Amino acid sequence: VLGELFALIKDRQQEMPMDSYTTSLFKDGVARIAQKVVEEAGETAIAAAIGDTESLPSEVADLLYHSLVLLAATGVQPEAVYEILRERRK
């Protein structure tokens, strides 16, 4: 699913459709995208801390999405992250 989502994000980055939230993020720039990652991380942590397991999956999804947009905006491939995770599981 993450690979499919990243491919869609890259398509949005290339095509820049006017009615796309992803397009608006790319137009706002890396600093704004990074700010959204921080915001979503905070919302995720708060949901977990207060035991809001109903909202937690949605918050994690938002965090993953915005993180993938940040990777795309900075030219980093998710595979670089996956490789680090593979190394860490040893």
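This one's a predicted model, so the numbers in the text were calculated from it and none came from an experiment.
Note on I46: it does not cluster hydrophobically with V37, by side-chain heavy-atom contacts below 4.5 Å among ILVMFWY residues. Note: the hydrophobic cluster containing L70 also contains M16 (ILVMFWY, side chain heavy atoms under 4.5 Å, direct or indirect links). Residues F26 and V38 are members of separate hydrophobic clusters, defined by side-chain heavy-atom contacts under 4.5 angstrom among Ile, Leu, Val, Met, Phe, Trp and Tyr. The cluster map of Ile, Leu, Val, Met, Phe, Trp and Tyr, joined by side-chain heavy atoms under 4.5 Å apart, puts V1 and L85 in different clusters. Cluster membership check: V81 shares its hydrophobic cluster with I9, using side-chain heavy-atom separations under 4.5 Å among Ile, Leu, Val, Met, Phe, Trp and Tyr.
At least one donor-acceptor pair under 3.5 Å links the side chain of Q13 to the backbone N or O of A72. No side-chain donor-acceptor contact under 3.5 Å links T23 to the backbone of M18.
Contact annotation: the side chain of E79 approaches that of R86 to within less than 4.5 Å [non-hydrogen atoms, C-beta and beyond].
Note that the NZ atom of K36 and the NE2 atom of H66 stand 4.5 Å from one another [nearest 0.5 Å]. Taken from CZ in F6 to CG in D11, the straight-line distance is 10.5 Å, to the nearest 0.5 Å. The line from CG of D62 to CD of E39 is 9.0 Å long, rounded to the nearest 0.5 Å.
For E43, the salt bridge (charged side-chain N to carboxylate O under 4.0 Å, His left out) test picks out no residue, with sequence neighbours left out. L2 is linked by a side-chain contact (heavy atoms from CB on, under 4.5 Å) to L64, L68, Y82, counting only residues two or more places apart in sequence or in another chain. For the salt bridge (charged side-chain N to carboxylate O under 4.0 Å, His left out) test, no residue two or more places apart in sequence or in another chain qualifies with E15.
Heavy-atom minimum distance, T44 versus E59: OG1-O, 3.1 Å.
For E87, the CD atom sits in a packed shell: over 12 heavy atoms of surrounding residues, nucleotides or ligands are nearer than 6.0 Å.
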